[in-house]
Amino acid sequence: MDTSSGWLGSWCTSRICEGSAAEIAASLEQRVARDPQFAVANASLEVTAPGATGAVATMGPRRVHAARLRFSRWRVPAKVTLEIERWSADACELLVRPGRRAPVRSDAYLGAALALVEAVAIDLELARMSVTTGPAADGRGGLRRAS
């Protein structure tokens with residue numbers, strides 16, 4: 001892969017996700033509380049639990065999470081952040097950004113980061129849809145008789 005063109009300078013991978021930044025941040029925190037690891041073939045992303053670092057308490061859901069991206073057969077996971085940025089009123093951008101310098105084995109890193117940001121987005125979008133389209137209060141599964 002030719003990295004001389006400059007478009008890979010930030011090593012950041014992103015995907016637009018349906019749902020406001022606040023909704024997706026809350027869904028991510030709930031998901032991380034249950035299971036902090038997202039996995040795809042040959043790669044995994046382990047997100048640090050919100051209270052694990054002893055950092056400053058926030059008023060709402062955190063939008064930047066420390067994480068470790070393990071890919072290929074490289075033994076040392078890359079330190080990354082998983083970030084949630086507002087894109088519009090009903091969409092946000094998920095970003096996986098390396099914490100320090102350009103990762104070793106850039107092709108493998110980029111492939112893993114792209115696959116993982118996609119997996120995280122799909123997981124969070126499905127969780128959001130299951131909450132917003134859950135069963136109706138009348139217990140009939142959200143369906144109603146046509147009149």
*Asks:* Looking at Arg31 and Gln37, would you say the former's side chain and the latter's main chain have a donor-acceptor pair under 3.5 Å?
*Replies:* yes
*Asks:* Under 4.0 Å between a side-chain nitrogen and a carboxylate oxygen: does that hold for Glu125 and Arg15?
*Replies:* yes
*Asks:* Please report the shortest heavy-atom distance between Cys92 and Ile84, naming the atom on each side.
*Replies:* SG-CG2, 3.9 Å
*Asks:* Short question: side chain of Thr81, backbone of Val64 - any donor-acceptor pair under 3.5 Å?
*Replies:* no
*Asks:* Check this for me: does any side-chain nitrogen of one of Arg97 and Glu83 sit under 4.0 Å from a carboxylate oxygen of the other?
*Replies:* yes
*Asks:* Testing the basics here: between Glu85 and Ala21, what is the closest heavy-atom pair and its distance to 0.1 Å?
*Replies:* C-CB, 4.4 Å
*Asks:* Determine, using the 4.5 Å side-chain heavy-atom cutoff (strictly less than), whether Leu114 and Leu45 are members of one ILVMFWY cluster.
*Replies:* no
*Asks:* Could you tell me the separation between the SG atom of Cys17 and the CG atom of Leu28, rounded to the nearest 0.5 Å?
*Replies:* 10.0 Å
*Asks:* Please determine whether residues Leu95 and Phe38 belong to a single hydrophobic cluster, defined as Ile, Leu, Val, Met, Phe, Trp and Tyr linked transitively by side-chain heavy-atom distances below 4.5 Å.
*Replies:* no
*Asks:* Ignoring hydrogens and geometry, is there a side-chain-to-backbone donor-acceptor pair from Glu118 to Ala115 under 3.5 Å?
*Replies:* no
*Asks:* Arg128 and Glu18: which non-hydrogen atoms are nearest, and at how many Å?
*Replies:* CD-O, 3.6 Å
*Asks:* Rounded to the nearest 0.5 Å, how far does CH2 of Trp87 lie from OG of Ser20?
*Replies:* 15.5 Å
*Asks:* With respect to Leu116, which candidate in Val96, Leu94, Leu69 satisfies the side-chain contact (heavy atoms from CB on, under 4.5 Å) definition?
*Replies:* Leu69
*Asks:* List the atom of Val40, the atom of Ala119, and the distance in Å for their closest heavy-atom pair.
*Replies:* CG1-CB, 3.7 Å
